[in-house]
Amino acid sequence: MHHVLLVIKLIYNYLAVSLGVSSRSDQGCLNHPFSSLYLLSSTCKLSMDKLGKKDAEAKSIYRIPPYYYLHVLDQNTNVTKVEVGPQTFIRQDNEKVILGPEKMIVVPPRHYCVIENPVVRDGDSKPILDSNGQVKLRHADQEIRLAQDPFPLFPGENLKQSVQQLKVVPANSALRLRAILDFEDQDGTKRVAGDEWLFEGPGTFIPCKEVAVEETIRATVIRPNQAIKLRARKETTDRDGNDRVTGEEWLVKKVGAYLPGAYEEVVDVVDAYVLTEKVALHMRATRTFNDKTGTTRKNGEEWLIKMEDTEAHIPDVYEEVVGIVNITTLNNRQYCVILDPVGDDGKPQLGQKKLIKGERSFFLRPGERFEKGTQNVFVLGEDEGLILKANEAYTDDDHGVDRRPGDRWMIRGPLEYVPPVEVEVVTKRVAIPLDENEGIYVRDIKTGRVRAICGATYMLTQDEELWAKELPPGVEELLSEGKDPLADRSDRGRPSAQLKRDKNKVVTFRVPHNAAVQIYDYKDKKARVVFGPEMVMLGPDEQFTQLSLSGGKPKRPNQIRSLCLLLGPDFCTDIITVETADHARLSLQLSYNWHFDVDKTSADDASKIFSVPDFVGDACKAIASRVRGTVAGKLRQPLNFDFYDVPLYSFEIGPNSSESVAVTANGKLMITMRDMITPMNDDVRQQYAVFKDEAVTPDLPVYTSQYGVNITILGFSSVTVSLGSFRMIVKETPNILEVSLKGSIISDCLDAYIVPLSVHCLKLRGLDVSCFSTSSRNSIKFDAEHFWNLLSRMKYLEYLFVNCCSLSPLISNSQCGERPSRVLTDRELVVKESVIDHIKRMTRLKGLHVTNSRGTTMTEELHYFISQHLLSIISNLESLLCLGIDISYRQTTKLKSYIIEGLESILHKCHRLAVLYIYCTPLFFKKAIKLPVDPALYGNLTHLILDCSFTPMTSALGNALAISSKKYQLKHLFLASKTEEDVLKEMKAAQVASLAGLPNGFILGAGAGSYRVAGVNCEMMANIKFSDPDSGAPHNIGSYSAKVSTEDGSAIIEKFPYTEAGPLANLLLCEGTPGAPVLEIKARKRVGEENFVTCMRKSLAAYFGEGPVGLGGVFMIKKGKAKLHIMFKTKETALKSCQDFRLLFSGGMWKTSILLIVIWLGCAWLYYGAILITTTILETGYDPHCGSVNQSFNSGCQNLTSSFYLKIIWTSAAEFPGIIITLVIIEIVGRKITMALEFVGCAIFFGLILICVSDTWLTVFLFGARAFVTGVFQAVYVYTPEVFPTKVRGVAMGFNTAAARVGAIVTPYVAQTLFPISDYATIGLYVGSSLILVVLSILLPIETKGRSLRDNKGTK
């Protein structure tokens, strides 16, 4: 039976092991030497586990294997005891097994475990029991147990750390230990909690409960040329016995393994710098210390370490390597200049320079730097030179000359030259070889004079530079094409390769055979003509005369551009449209030969061929005019107006093929008719009916169809028109608009011809009956009353040309008689009033031209009527807009002179009159017209033409016209008259007194003296008492004048016995009676900062308050000296008037002016906005929207730090690159594009301010905005004076500057007031305005790049 149980136990044990069933104590015993016993005895424990816990508790007999133990609780005494196997334990009823059987703790050799709450043992290592028999424990204590016999855990003991191997510390490593309790180690060293020390290997560390292992430290291997940097974590003593304080750093350079102490830490491994003959180290001390040579180095001190000092250098802890310095080697052809060289005392000599020549090798010491690096010695050949400039005063030993700063001189080769430190090499010059037909433009930089050097090798001097000659774009394009004007005419208009011109070389042009080129010298204001074949070389101030000729078929202007004028012979073809007398419109093609017949030896003849810019167009127009005249006069069937019967025309257009004729002003341009092609079409336009050269008799058959309905213009020129024929023609042309009898001969009285017009031509708007004649003048009666009655019935009549006789109420026969009476008879007065009544009804009449034929005989009566009544009758036409009066006639007999009256009445009544033309030039007697002097009468006039040879032009009239031109609408004025007085004559003091109502008053004051009486400009001190004008007594004159001597420039004060003053004076006028109250003020010396006049002004203001006070008098200086102004020379240019301002907004300049006003305003708006936004951001601490708002932005200002001032300096420095960018691109892309691009840059950088970025990027964005807005301001400063002509340039700059001030005034309200409220709105305004200004810059109509400044002639 015993053997059976043993077999069962063995099988069960095998299954338990196979299934991995084991307890904690089993695991601890697996490695025990007695593990076989464990396998045999574990059957009990496994059996109990299988039977269940209840069975185990109910079990009374426990067989405890060896090295197992039980914890048994005595339920009577509550004492737990330990039962150790091997034994069979029989449990009593009062006992309870609470643990076990459990495997004992087995600690193998070189192992340990940690027991928590160990038992208290006596000297024999036996547990001590208390009075109850319970073992005593060291609660909250620990015990380290090393290798020993297996032992049980007593009740209350706990295995805190399982069995582990002891830590073996190898060589070159250590354990950093920390005391967690105060204790004394085995060496007798007392350790305090928190102390740290090392357990260095090799060795096995025996753990202790008072000690904790912090880390394992391994030694750092130090190789040759290497060191480690250590730092003390706490005050300690290093391995060399040196005391170290917390934070101190030092180097360990000893080769080998180094194990840091407990309070040491390795900061870094420092490698040595290996030095050679060509390499040195630039060192800097980070604090004051003594280096390894014993030298004291101060904080910030810099020095060099070279190979002579050490072959390898390990930087100390208080040294830093600034850089590696390479050796500088100069050969015998090199030199260098060192700035701020180090002196003998080892300190940099700031601001000094040092010249070092080769051969030499050296290191740059700290603080030294090259000026321009290593430079080669200047080796000059015979054709080379150097331009030198002295930057400092020094003595030139080579030439024995003392040089002053700024001196420039030139040295020539052959030689070798090394410039001293005081000398700057400006540039190197090389002689320029020039052929006979080559040249260069040279400008003297001192005088500015430009000259051309041709045909010889030339080297520029120190005061000369190459000058780039600019040509107009059109001339530049023609020269770059490189085409022969004569040979390449067939290639005209085809694109060709563009040749690049060297602008420094003299412009040359090959003039082909039988051609001419005109060159104008703008300096000497002379033109020269060069005939080919010849090579033309332009001088500095010369330009080609560019020809722009008509071309194509039909001829169109500006089709052919050329620099030379071909002299022919050549041919020309044109297509023109002509219209015959019977209004057939035809297209003709004309071809003709031409050539210039010019004397090439005569400068006058040569200049004439260029007097007309487009001789082709003018010649074609002249020929076309002659052809049209010939066609209009040549009729195959005259007066055949049948619309459906288009006649075939055959005619000759002269001159014939053998004749030549000059048709333009270009000298002798000879045109020969080459061919005539028949009409190209039969287009007929029947609108005009012109009767010419033949009499229009009553029996003339006309208008056999409906052609007359289409006639709108009816003209009779140089023909005899019978009344019957005229009635018939007018009746058949009911839609006639204009009728002209000018130059025709009528057979009846004029009013008889007006009758059919008033009946049939209801739409008539224009009538010309100003110049006609009659076949029997003396027998025809003219009824003026009837004539104007008929005209008044024409409701649509707007323009009327009549003879002055038509307005005369004189009896027809008497107009040709010699009746001397000047007074109108009663009958004539009645006729005059009736004519006036008829005239008043003509309310639609806009234009009236009254003329008198030069061939008309003038009688005394008609002469008197024109003088006294003509203009007064015309003044009743109040609807007139335009009035022309032409009173010019020839008379062989002597007539009395009368002044023509009534012009004032016309100006007063005709309120709508805008254009007035008066031509009054009798040929054999003087006749004047009375001109009013009231400026208001000329208020409605825009054009005034006065051609009156014998009408005096007074100063009063001149003043009236001047006032009208400034105050009213007068824009165009032409005066041709005899001048009896100077309009700008000096004023007389007596006239001033008389105008003021004090003819015998007293004048006191200062002003300009009369240049006419003094002979020079002078200052007048007026002191005049006028006498009664009626008494004839002389004036009492005590005036003085002050002038500058023309000989020595001294001041001369002398009596001025005249009453005339210049154009400006400040005068005090009073009655001059004695006894009037005066103020006498005396001043001895000044006791304050205010002068005498200021003291008087403030005293009067304090006494009289704000009321107006007038005060005049004399200052008398008894002692001392005073500086007084004396005019010496009158300004040569005329003063600008408000007309210059109006010119900005007239003609073709209004668009440019308006755009520039807005651009100037926008520039100032953006410029000052960028400045103020910068300060606003810095003051308020603005932070772009990065998910939250900076509270300081809304809470007021903050203190500015040094970083803020640096940001302001950086943003202010942005103006320099902005200006440089503008200077670079403005001549490349032009003014307009430059402004547009820079406005785009402003918009971009303003918009970037709202991006969430750091302060650095925000400063960069402000920098960019400031740079671009500064650049665009400079561009608009350049563009504005270039685009305006000289006459209005100053006014334009002033007005635009004022507009900029407006922008500067407005922008603070946005940049400083709106920005803290809404940064988006503020930046949006600046970005939007920048984009608008981009568009406005592009819309500017004129690009001034490459254009010269406009003079006054360019002003419209």
Side-chain angles (χ1 to χ4, degrees), residues 24-29 31-35 37-38 41 62-92 94-167 179-191 204-211:
R24 182 178 57 184
S25 59
D26 296 337
Q27 295 175 359
C29 299
N31 296 325
H32 197 271
F34 301 101
S35 58
L37 294 177
Y38 166 75
S41 61
Y62 291 87
R63 292 179 176 84
I64 305 174
Y67 303 107
Y68 277 80
Y69 66 94
L70 293 176
H71 283 182
V72 180
L73 175 64
D74 188 342
Q75 296 181 352
N76 293 332
T77 62
N78 285 329
V79 174
T80 304
K81 61 182 180 178
V82 178
E83 297 292 337
V84 180
Q87 67 170 322
T88 299
F89 174 72
I90 300 174
R91 181 178 63 82
Q92 301 299 323
N94 62 336
E95 292 178 339
K96 180 181 180 181
V97 177
I98 61 175
L99 179 65
E102 291 291 334
K103 181 71 173 63
M104 292 184 180
I105 306 299
V106 179
V107 182
R110 305 189 64 80
H111 286 73
Y112 75 98
C113 67
V114 179
I115 303 300
E116 188 177 24
N117 302 325
V119 299
V120 180
R121 298 180 183 272
D122 56 11
D124 296 334
S125 299
K126 293 182 179 180
I128 299 175
L129 302 178
D130 58 8
S131 59
N132 298 320
Q134 181 72 43
V135 293
K136 290 184 178 181
L137 301 177
R138 299 199 304 271
H139 292 282
D141 198 359
Q142 295 180 357
E143 182 181 346
I144 306 296
R145 296 180 184 179
L146 302 176
Q148 55 183 293
D149 293 337
F151 60 89
L153 291 178
F154 288 93
E157 288 184 334
N158 184 27
L159 182 63
K160 182 176 182 181
Q161 183 173 329
S162 62
V163 178
Q164 294 184 359
Q165 289 184 348
L166 294 176
K167 187 178 292 295
I180 58 178
L181 296 175
D182 295 344
F183 76 102
E184 184 176 347
D185 60 11
Q186 297 176 357
D187 299 335
T189 304
K190 293 182 178 181
R191 304 289 184 183
T204 301
F205 174 69
I206 306 299
C208 178
K209 66 178 182 179
E210 295 87 359
V211 177

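Looking at every heavy atom in both residues, Leu137 comes nearest to Pro155 through CD1-O, 3.5 Å. Across all their heavy atoms, Thr204 and Leu166 have their closest contact at CG2-CB, 3.6 Å. In terms of heavy-atom proximity, Cys113 sits nearest to Ile105 at SG-CG2, 4.3 Å. Scanning both residues, Val163 and Pro108, for their nearest heavy atoms gives CG1-CD, 3.7 Å. Across all their heavy atoms, Tyr68 and Met104 have their closest contact at O-CE, 3.7 Å. Of all non-hydrogen atoms in Pro101 and Leu70, the two that sit nearest each other are N-CD2, 3.0 Å.
Within the model, atoms OH of Tyr69 and CZ of Phe154 stand 10.0 Å from one another, a figure rounded to the nearest 0.5 Å. Note that CD1 of Ile144 and NZ of Lys160 are 9.0 Å apart. Values are rounded to the nearest 0.5 Å. The distance from the NE2 atom of His71 to the CD atom of Glu83 is 10.0 Å, given to the nearest 0.5 Å. The CG atom of Asn158 lies 8.0 Å from the CD1 atom of Ile115; values are rounded to the nearest 0.5 Å. The NE2 atom of His111 sits 14.0 Å away from atom CD of Gln148, with the distance rounded to the nearest 0.5 Å. Taking CZ of Arg191 as the reference point, atom SG of Cys208 lies at 11.0 Å (rounded to 0.5 Å).
Under the side chain to side chain contact (heavy atoms under 4.5 Å, CB included) criterion, Gln161 pairs with Tyr112, Val114, Gln164, not counting sequence neighbours. By the side chain to side chain contact (heavy atoms under 4.5 Å, CB included) test, Asp187 is found to be paired with Asp185, Thr189, residues two or more places apart in sequence or in another chain being considered. Residues satisfying the side chain to side chain donor-acceptor pair (under 3.5 Å) criterion with Gln134, sequence neighbours excluded, are absent altogether. In this view, Phe205 and Phe199 satisfy the ring-ring contact (aromatic ring centres under 6.0 Å, His included) rule, not counting sequence neighbours. Evaluation of the side chain to side chain contact (heavy atoms under 4.5 Å, CB included) rule for Ser131 yields no partner, not counting sequence neighbours. Asp74 meets the side chain to side chain contact (heavy atoms under 4.5 Å, CB included) test with Asn76, Thr77, Asn94; sequence neighbours excluded.
For the salt bridge (Lys or Arg N to Asp or Glu O under 4.0 Å) condition, the pairs that include at least one residue of residues 140-158, sequence neighbours left out, are Arg138-Asp141, Arg138-Glu143, Asp141-Lys209, Glu143-Arg145, Arg145-Glu157. The salt bridge (Lys or Arg N to Asp or Glu O under 4.0 Å) contacts involving residues 106-121 comprise nothing, where partners must be two or more places apart or lie in separate chains. Residue pairs that meet the salt bridge (Lys or Arg N to Asp or Glu O under 4.0 Å) test with at least one member in residues 126-135, sequence neighbours left out, do not exist here.
Counting heavy-atom neighbours within 6.0 Å of Glu184 CD, excluding the residue itself, gives a total above 12.
Here the side chain of Asp122 pairs a donor or acceptor atom with the backbone of Asp124 at under 3.5 angstrom.
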